[in-house]
Student: 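Pasting a structure below so you can have a look.
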Amino acid sequence: MPPTLFLEQILNGVQFGLMLFLLAAGLTLVFGIMDMINLAHGSLYMIGAYLTATFVGLTGVFWLGVLLAVVGTALIGMLLELTILRQLYKRDHLSQVLATFALILIINEVVRIIWGPQPLLLSAPEGLSGPIEILPGLNYSAFRLTIIVVGLIVAVALLLLVNYTRAGMWLRAGASNREMAQAMGVPIKPLFTLLFGVGAALCAIAGAFLGPILAVQVGMGESILILAFVVIVIGGIGSIKGALVGALLVGIVDTAGRAFLPMLLSQVASPEVASNLGPALASILIYLLMAVVLFLKPQGLFPART
Amino acid sequence: MSLLTLEHLTKQFGGLTAVNDCNLAVDAGEIHALIGPNGAGKTTLINQICGALQPTRGQIRFDGHDITHTPQHQRVRLGLARTFQITNLFKNYTVLENLELAVQARSGSSFHFWNPVQREMHLREEAEQITELLGLTFRNHTMVAQLSHGEQRQLEVGLALACKPKMLLLDEPMAGMGSEESGRMVELIARLSQNLTILLVEHDMDAVFRLAQRISVLVYGQVIASGHPEEIRANPDVHRAYLGDDHGGRHP
Amino acid sequence: MSILLEVRDLQTAYGSSQVLFNLSLQIHQGQVATLLGRNGMGKTTTVRSILGLTPARSGLIVFAGQRIEALPPEQIAARGVTVVPEGRQIFPNLTVRENLVAFAANRNQSAEPWTLQRVYQLFPRLQERQHNLGNQLSGGEQQMLAIGRALMTNPRLLILDEATEGLAPLLREEIWRCLRLLKDSGQTILVIDKYVERLIALADQHTILERGRVVWQGNSHTLKDQPELWKRYLSV
Amino acid sequence: MTRSLWRYLVPLGLLLVFPPIAYATGLEFYTGLITKIMIFALAASSLNLILGYGGMVSFGHAAYFGVGAYTVAILTREGVTSAWVIWPAALVLCALLAFLIGSICLRTRGVYFIMITLAFAQMIYFVVISFRQYGGEDGLRARRPDFGLFELSDTALYYLTLAVLVAALYAVARLVNSRFGRVLQAIRENESRAAAIGYPVYRFQLVAFVIAGTLAGLAGLLMAHYTQYASPNLLAWQQSGHLMMMVILGGVGQFWGGVLGAAALLVVEEILQGFTIYWQLGVGLILLLIVLFAPRGIAGLFGRRGS
């Protein structure tokens with residue numbers, strides 16, 4: 001296998017992993033801090049992608065469209081928190097699963113009513129549609145490279161925010177003991193609303209940049225939601241660092257598995273078996289990864305609470 | 001004759017050594033108190049003796065058996081029962097239901113899927129005997145969540161008793177109690193010790209010096225002194241590490 | 001001396017079961033006051049009502065001249081009421097240092113506020129462990145951290161709920177020494193504990209609760225001379 | 001005693017006489033709908049056994065449901081037609097699978113348990129759809145097996161399903177009131193205390209997990225008889241979610257929770273599908289309202305206690 005192909009797949013894995021991180025970051029914070037399972041997190045990703053497609057279409061400028069979509073999704077996220085999700089913090093996990101599953105159904109149908117059942121067209125901005133040579137002999141999509149840069153910037157900003165600012169300490173304090181945090185003077189309700197807004201904004205960024213690569217369609221949130229959950233469970237719930245490591249692991253393993261497993265398999269098995277089993281094994285790989293991690297470390301790689 | 005012996009028992013959590021090469025022998029029939037500053041590893045020690053935690057190194061012998069690697073439920077069968085520092089009961093069950101569960105655990109297999117357990121009257125009868133012993137008969141049908149703190153602490157001991165143990169591990173049975181309730185608990189423990197060996201972890205020095213025949217002092221996971229109450233009271237090391245000037249007078 | 005906290009006719013309930021009945025008390029600026037009583041008599045509930053964690057059903061709570069009984073806990077805290085809670089409740093996922101600095105403020109506008117350095121001076125042990133997480137501390141260290149955390153907000157009123165519970169005798173002494181120091185510096189304190197003799201030596205004003213009602217109020221002098229009171233309400 | 005007995009006999013009697021009446025009045029369609037409801041009632045009840053009574057929130061219960069169905073499809077395709085082979089094969093396979101998955105998953109707790117059960121179900125899903133000779137993503141036709149004694153018409157399937165459901169529910173009712181059931185519920189209530197009074201917690205949970213998996217396999221088997229088709233959707237995580245919805249909707253840890261939840265959800269879906277193509281919007285709104293205003297599920301509304 002040529003090394004450039006290998007490198008390209010690893011870069012694809014990093015790119016996908018960083019986008020997964022944006023989704024997982026919001027999810028793990030909401031989960032770790034409010035002890036709230038929010039299945040509708042994937043719906044915000046879908047809303048972000050739809051809004052991006054719409055705003056890019058309206059304005060004709062990709063980056064302006066993304067900006068508007070991020071703001072719009074953040075507002076929708078905060079609105080959801082204020083109206084419905086806030087009622088669920090005190091409820092058990094099962095009620096949260098049921099209610100947010102109901103939200104998925106509702107949001108999916110509303111999106112279908114507004115935008116219709118057909119997938120939307122969202123393409124990469126023109127200047128970034130071609131490849132650029134990043135190493136001698138290695139051409140890589142400029143848009144994917146942009147995604148990596150954007151993902152890295154957001155990831156670093158988020159890590160700094162959570163680990164080194166007072167708001168970050170308040171969030172972590174609220175995660176372990178909400179009442180005590182309040183008694184120490186943390187304005188917990190607005191903080192949570194804001195957190196939801198930030199989580200939704202991160203979803204929208206992921207939706208905006210993955211939209212041109214994957215499809216913008218109803219149901220896009222659910223399949224990626226499962227991946228985001230896998231990420232935060234591998235990383236340890238509530239840990240931003242864990243989400244980053246987990247996301248990169250899942251992104252690389254998934255991408256590389258899909259690219260290389262069928263190839264590897266065809267060297268040891270018949271082509272028919274390889275073409276049959278290869279994709280299946282590749283799909284299983286991340287779940288296998290999760291099962292192994294949980295078997296060895298039942299609290300994930302970086303447990304936030306002990 | 002020692003009923004329980006710990007030899008070189010060590011427990012590490014990552015880099016932290018909670019229990020460090022600890023040796024301890026508890027004789028049959030005695031009340032042996034284990035005291036020491038917070039964080040000395042007392043609860044970790046209890047957790048290893050009862051089997052909730054696996055030791056990193058060392059050996060635990062109980063009643064002639066090496067139980068270092070015996071699963072928790074088998075240690076209960078061998079006669080080793082514990083209470084918890086923080087009350088740990090079946091909260092939404094009544095007092096009798098709590099005790100019936102413990103009685104059931106030691107009377108035959110519970111892998112029976114067909115016959116209604118409510119028909120097994122002997123479970124209830126034995127549970128009632130225990131509430132009588134505890135003086136909680138009037139609470140038989142009260143939900144545990146509705147009991148006072150003191151009553152919950154009593155039931156905590158009762159659940160361990162229902163296992164018909166040879167030895168009780170009591171982890172701070174007086175925790176959070178007022179002096180009146182503490183007094184009742186001291187009486188109960190004294191009464192139990194007529195038929196049982198007891199390892200008592202407690203901060204209430206009045207209770208410890210009233211009850212214990214022997215005392216061991218645990219500091220940084222190691223036993224720094226072990227002996228009769230007068231020896232412990234007179235031991236300068238123990239004063240420096242734990243007792244200080246205050247001998248634990250609660251209320252005047 | 002001016003009144004810092006006044007509680008008047010406070011009634012508090014959990015669901016349908018009422019816990020506090022017409023409870024009234026006053027704490028003057030610079031005083032140390034106590035709440036005494038057996039377990040389950042309503043001491044912690046009183047504290048929770050003052051903090052806004054279990055809002056009062058009726059009655060007044062006036063702090064520094066303003067009514068606070070209807071405010072959410074974070075606003076009451078912002079006005080300068082800080083608690084060292086029962087069970088310490090350190091944030092386990094924050095380091096010792098973060099536990100201290102996360103809530104730092106100068107809520108009593110002190111000219112010489114508590115700072116990280118001063119807290120480390122008071123409890124050198126905390127400095128040694130400043131990069132450890134809260135859940136890696138021993139019980140005694142957690143208690144010191146809970147006190148340090150409260151001091152870092154420079155509270156106008158410091159509330160200590162069972163700050164010596166579950167501590168080894170030597171550590172208990174350490175806490176008493178610290179409280180004496182705070183009193184001498186002019187800190188207003190409300191303390192709940194069961195070591196009556198210690199409290200008589202430390203505090204100015206005492207309130208005894210029995211089943212959610214105030215059954216006695218008075219100063220240390222009077223309490224010292226009435227041991228029958230302790231017998232009746234505090235011990236066997 | 002007699003009053004409570006009537007409470008069971010009246011619905012059972014109605015179910016027994018329903019098919020001929022439906023046939024006479026031209027409402028055969030509803031015989032099929034009720035068969036489907038009974039199948040899901042069995043699947044949801046099996047989940048309720050571990051989720052409600054055992055406190056084990058499995059998010060991968062569809063795995064057993066789907067494997068039960070696929071066993072029928074694959075065996076009949078491979079020429080095995082006797083129900084007397086297919087049924088035991090499916091049940092044993094599901095029991096083994098539940099044993100394997102359970103013995104790994106039960107080492108974790110809480111959310112991690114939810115996610116690792118999901119992971120195993122996903123693995124099974126992807127393995128099954130990778131076999132193109134068994135239909136891949138299109139699913140596989142499943143012929144009705146040969147019972148020897150009778151022809152499995154739609155009506156016969158209705159009665160067979162009814163018989164299986166009644167027998168299974170009776171067995172579950174016995175189980176939750178037995179020694180085992182009491183311990184299982186005690187472990188849900190307080191695991192560390194259950195261990196401290198001498199119960200091997202892991203073993204109890206694993207046995208319950210295997211029983212529930214086998215019952216779900218039984219439901220899946222009937223599902224394949226009903227639709228004569230094994231669809232990958234039966235294995236998908238949405239199906240696990242669907243079963244969980246039924247249990248939560250009906251009442252977690254309430255004896256009738258699985259049955260009520262399955263009936264309510266399927267009937268609502270059926271009705272809304274008749275009105276609008278956006279029927280999921282209605283389902284979502286109803287679920288949301290129920291969570292917000294009826295936290296104990298439908299069984300809770302009737303004020304019955306499960307245990």
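The analysis underlying the following values was restricted to heavy atoms, covering all of them including side chains, and did not include hydrogens, waters or symmetry mates.
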Student: Please flag which part of D:Phe120 lies under 4.5 Å from any non-hydrogen atom of chain A: side chain, backbone, both or neither.
Tutor: side chain
Student: Given a strict heavy-atom distance threshold of 4.5 Å, which part of D:Ile290 is in contact with chain A: side chain, backbone, both, or neither?
Tutor: neither
Student: Give me the atom names and distance for the closest heavy-atom approach of A:Leu98 to D:Met245.
Tutor: CD1-SD, 2.7 Å
Student: Starting at CD of A:Glu109, measure out to CG of D:Leu285 and round the result to the nearest 0.5 Å.
Tutor: 10.0 Å
Student: Should we say atom CD of A:Gln87 is surrounded by more than 12 heavy atoms from elsewhere, each under 6.0 Å from it?
Tutor: yes
Student: Using non-hydrogen atoms and a 4.5 Å limit, figure out which bit of D:Val247 sits close to chain A: side chain, backbone, both or neither.
Tutor: neither
Student: What residues of residues 126-134 of chain D sit under 4.5 Å from chain A when you count only heavy atoms?
Tutor: D:Phe126, D:Val127, D:Ser130, D:Arg132, D:Gln133
Student: Within a strict 4.5 Å, meaning less than it, do heavy atoms of the D:Ile114 and A:Val97 side chains meet?
Tutor: no
Student: For a quick test of reading the model, state the closest non-hydrogen atom pair linking A:Ile237 to D:Tyr112 and the distance between them.
Tutor: N-OH, 3.1 Å
Student: Please classify the contact of A:Gln96 with chain D as side chain, backbone, both or neither, using a heavy-atom distance under 4.5 Å.
Tutor: neither
Student: Hey, which of D:Ile116, D:Thr108, D:Ile104 is the one that makes side chain to side chain contact (heavy atoms under 4.5 Å, CB included) with A:Phe295?
Tutor: D:Ile104
Student: Counting only heavy atoms closer than 4.5 Å, note whether A:Ile107 contacts chain D via side chain, backbone, both or neither.
Tutor: neither
Student: Go through D:Leu287, D:Val111, D:Ile286, D:Leu51 and name the one with the most non-hydrogen pairs under 4.5 angstrom from chain A.
Tutor: D:Val111
Student: Heavy atoms only: give me the nearest D:Leu288-A:Ile106 pair and the separation to one decimal.
Tutor: CD2-CD1, 4.1 Å
Student: Taking all atoms of both residues into account, what is the closest heavy-atom pair of A:Val230 and D:Met115, and its distance?
Tutor: N-CE, 4.2 Å
Student: If you look at every heavy atom in A:Ala291 and D:Met123, which pair is closest and at what distance?
Tutor: CB-CE, 4.0 Å
Student: By a 4.5 Å heavy-atom criterion (distance strictly below it), what part of A:Leu285 contacts chain D: side chain, backbone, both, or neither?
Tutor: neither
Student: Nearest 0.5 Å, please: how far is CZ in A:Phe229 from CZ in D:Phe59?
Tutor: 8.0 Å
Student: Nearest 0.5 Å, please: how far is CG in A:Asp92 from CD1 in D:Ile248?
Tutor: 8.0 Å
Student: Considering non-hydrogen atoms only, spot the tightest contact between D:Met244 and A:Leu94 and give its length.
Tutor: SD-CD2, 4.1 Å
Student: Hey, mind stepping through D:Leu292 and A:Leu88 against side chain to side chain contact (heavy atoms under 4.5 Å, CB included) and telling me if it holds?
Tutor: CA-CA 8 Å; D:Leu292 294 179; A:Leu88 298 169; 4.2 Å; yes
Student: Below 3.5 Å, can you tabulate the donor-acceptor pairs from side chains in residues 263-280 of chain D to any protein atom, sequence neighbours excluded?
Tutor:
unit_1: D:Glu269; atom_1: OE2; unit_2: D:His242; atom_2: NE2; d: 3.0
unit_1: D:Thr276; atom_1: OG1; unit_2: D:Tyr278; atom_2: N; d: 2.7

Student: Hey, is OH on D:Tyr202 packed in by over 12 heavy atoms from elsewhere, all under 6.0 Å?
Tutor: yes
Student: Below 4.5 Å, heavy atoms only, C-beta onward: do D:Val57 and A:His93 meet side chain to side chain?
Tutor: no
